Amino acid sequence: MRTSQVLIPTLREDPVEAEIVSHRLMLRAGMIRKVAAGIYTYLPLGLRVIRKIENIIRQEMNRAGAQEILMPILSPAELWRETGRWDFYGKELLRCQDRHDRDFCFGPTHEEVITDLFRREVRSYRQLPLNCYQIQTKFRDEIRPRFGLMRGREFIMKDAYSFDRDEESARVSYQKMYDAYERIFTRCGLNFRPVEADNGMIGGSMSHEFMVLAETGEETILYEEGGTYAANVERAEVLPPTDVSTDQPLPLETVSTPGMKTVEDVCKFLSLTPDHLVKTLLYQTPDNTIVAVLVRGDHEANEIKVNRLLGTTEIILADPEIVTKVTSAPVGFAGPVGLKNIRIVADQAVQGMKNFVVGGNANDTHFLNVNCDRDFQVETFADLRQAKAGDPSPRTNAPLSSAKGIEVGHVFLLGTKYSEAMGANFLDDQGKDTMAIMGCYGIGVSRTAAASIEQNHDAKGMIWPTPIAPFHVHLLPVTNSELVQETTETLYQSLIEAEIEVLWDDRDERAGVKFNDADLIGAPYHVTIGDKGLKNGVIEIKHRRTGEMVKVAPSEATSYLSQHLASL
RNA sequence: CGGGGCGUAGCGCAGCCCGGUAGCGCGCCUGCUUUGGGAGCAGGAUGUCGGAGGUUCAAAUCCUCUCGCCCCGACCA
């Protein structure tokens, strides 16, 4: 393709709106342009990358036995009402009405639509397992879209859905997708890591996220160095504490702590370390009951774990008025001692503590030498805190490290959540009506492109892994002599015949401009053709990633490039 | 939704405090020269100053309302 005939509006300067490197470089390289917050047009270069990723996904999904379909973007409210998600999904679900005032939504995911298809069309266990996927534009009205393609409101997603006759078979389907995802992200040239994850609002029993490791990632993962355990921090289990205090209980004391509202304040004031305190967090459940959650002063509560324990979905920290009403004190002085008619649950670490400090449920007051059972009753002790770097791995006890990751893929074993709600049944080999066991599997296609840039760039621009590069070779004639023109033309034809994807910079620009744009766009190989080289019978081939430069005769260039591209 | 910030030419910005009828760099167009890491000279085009209302002889500038965008947070299959 010739640069003069493709829309590649490169920018010299960084657009001010772009904060992270992938967003900045995609804008500068003319790959994307913003239409509205979180909504982008893919220009030719950007679309080529997207298509490359899609094709890798297609090949691997097909290889794994999934079949491609295409569901509509709009779906009727009735389907979403059947599963309760019309209300549950909240504002993230973009809704609209047709001319008859019927409710529709723009699909953020397609469990309802595919399950409806299944219940209509599948009758027998002989048709199972079934796995259908699509690659399609999704819409989620994110609270805060950001970072270009990283968190858009409209984005391209591959979503797959499996239906199985039983749990065992469903696990096989799940594993096939897991394996396919590993191949997909490996082929995309990404440094990634599968981690255990929470199922969140989509439901189900087992889940892994595929995280591209990058500092700009919005997710935190915990993992064993060189080990097998890795989990999203939301999910990571914490082992019960081994350090159980054997101190003798001391008499309860009241202490005045004027204005000491934070763990830090209280510790400083009492000359204690935070692990001698217990924080009391008051949470409000959706039905407006208040639950006190106790965690050690140096720990953070994990709301997902609390939700799981309480069987709720959306607890929120109680607002200050409620806290004042419940504890008779401003926020900062809540404690479990003397709390009436409130459920108290505690992190397991609290169980082993003796003579700790808690809020006094009165302004400027704390209690010293507090002990469970003697001073208050805990309904349940459980793993309720956020795991952190340094905690022992729940598998091997080895200390966990933490890293930032970009979630590019997510696989779920859903169980019967949707098949039950929507009646997705089939007849098993005994002629018995049976609910299908479902799984669902997503890949953020556009996010994968952005994630790849986060991992593959330098100060001058992008460095595409060959399988998803918009072009393999960037052809750069840098002088205007007839010899250069002829050599370029001949090489261009030769590369095309060899099925190498080549971008020929045929603009009347100076060498520097071409070199800089080429570095920005980041094709794996740059071929420079100029009189300086041709005088010695050579052209120059630069490896974008390493900067390595080789000189070859023009007639040798195609075979050199073919060989190097094939080896990847 | 809470906090912070920004809307002036395609991009990056100045002008605003202290009102006087819009400017700089890059890009774009024409010509000549130049041509191996973002060329030089000459000439040229491009703005409802985000929008609406108000104050004023006069508004990019002051006031009110409004829309959009970015960042942090809450949220997130």
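None of the values given here were measured: they were computed from a predicted structure. Below, chains carry the letters A, B, ... as their sequence lines are ordered, and counting in each starts from 1. As a basis for the values below, the full set of heavy atoms in this structure was taken, side chains included, without hydrogen atoms, waters or symmetry mates.
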Comparing A:E407 and A:G148 on RNA chain B - which has the more 5′ nearest nucleotide: A:G148

Closest-nucleotide 5' rank along RNA chain B - winner of A:R28 and A:E303: A:R28

Please classify the nucleic acid contact of [X] as base, sugar-phosphate, or nothing, using heavy-atom distances under 4.0 Å.
X: A:K34; result: sugar-phosphate
X: A:K460; result: base
X: A:R33; result: nothing
X: A:G442; result: nothing
X: A:G533; result: base
X: A:Y441; result: nothing
X: A:E17; result: sugar-phosphate
X: A:D508; result: nothing

Among [options], the one nearest [X] by side-chain distance:
X: A:N516; options: B:rG38, B:rG25, B:rC13; answer: B:rG38
X: A:R146; options: B:rC72, B:rC13, B:rG36; answer: B:rC72
X: A:R510; options: B:rC70, B:rU34, B:rG38; answer: B:rU34
X: A:K532; options: B:rC71, B:rC76, B:rG36; answer: B:rG36
X: A:K542; options: B:rG36, B:rG37, B:rG12; answer: B:rG37
X: A:T479; options: B:rG73, B:rC71, B:rG36; answer: B:rG36
X: A:V513; options: B:rC69, B:rG38, B:rC76; answer: B:rG38
X: A:V478; options: B:rG12, B:rC75, B:rG36; answer: B:rG36
X: A:I143; options: B:rC71, B:rC75, B:rG12; answer: B:rC75

Length of the line joining [X]:[atom1] and [N]:[atom2], which is rounded to integer Å:
X: A:K551; N: B:rG36; atom1: NZ; atom2: C1'; value: 11 Å
X: A:D14; N: B:rC13; atom1: CG; atom2: P; value: 10 Å
X: A:L94; N: B:rC76; atom1: CG; atom2: P; value: 19 Å
X: A:I304; N: B:rC76; atom1: CD1; atom2: C1'; value: 10 Å
X: A:L43; N: B:rG10; atom1: CG; atom2: P; value: 17 Å
X: A:L11; N: B:rG12; atom1: CG; atom2: P; value: 8 Å
X: A:E142; N: B:rG73; atom1: CD; atom2: P; value: 14 Å
X: A:N307; N: B:rC75; atom1: CG; atom2: P; value: 11 Å

Any strand counts, and the cut-off is 3.5 Å on both contacts for Watson-Crick or G-U wobble. Which nucleotide pairs with [N]?
N: B:rA14; value: none
N: B:rG36; value: none
N: B:rA58; value: none
N: B:rG47; value: none
N: B:rC41; value: B:rG31
N: B:rC69; value: B:rG5

Any donor-acceptor pair under 3.5 Å linking the side-chain atoms of [Y] with those of [X]?
X: A:N456; Y: A:R545; value: yes
X: A:K158; Y: A:Y181; value: yes
X: A:Y40; Y: A:R153; value: no

Parallel, tilted or perpendicular: which one describes the rings of A:F139 and A:F106, with boundaries at 30° and 60°? tilted

Relative to each other, are the rings of A:H543 and A:Y560 parallel, tilted or perpendicular (30° and 60° limits)? perpendicular

Whole-angstrom distance between [N] and [M], as gauged at atom [atom1]:
N: B:rC70; M: B:rG23; atom1: P; value: 31 Å
N: B:rU56; M: B:rA60; atom1: C1'; value: 16 Å
N: B:rG37; M: B:rU30; atom1: C1'; value: 27 Å
N: B:rG47; M: B:rC11; atom1: P; value: 14 Å
N: B:rG7; M: B:rC49; atom1: P; value: 15 Å
N: B:rA22; M: B:rU66; atom1: P; value: 31 Å
N: B:rG12; M: B:rG27; atom1: C1'; value: 11 Å
N: B:rG36; M: B:rG20; atom1: P; value: 48 Å

B:rC26 phosphate, OP1 or OP2, under 4.0 Å from A:R12 side-chain N/O: no

Determine, for [X] against [Y], whether the closest basic-nitrogen to carboxylate-oxygen distance falls under 4.0 angstrom.
X: A:R12; Y: A:D517; result: no
X: A:D505; Y: A:R507; result: yes
X: A:R85; Y: A:E112; result: yes

Ignoring hydrogens and geometry beyond distance, is the side chain of [X] in donor-acceptor contact with the base of [N] at under 3.5 Å?
X: A:D531; N: B:rG36; value: no
X: A:R144; N: B:rC71; value: no
X: A:E13; N: B:rG25; value: yes
X: A:R507; N: B:rG27; value: no

Taking A:E454 for the side chain and A:S22 for the main chain, is one N or O donor matched with an acceptor at less than 3.5 Å? yes

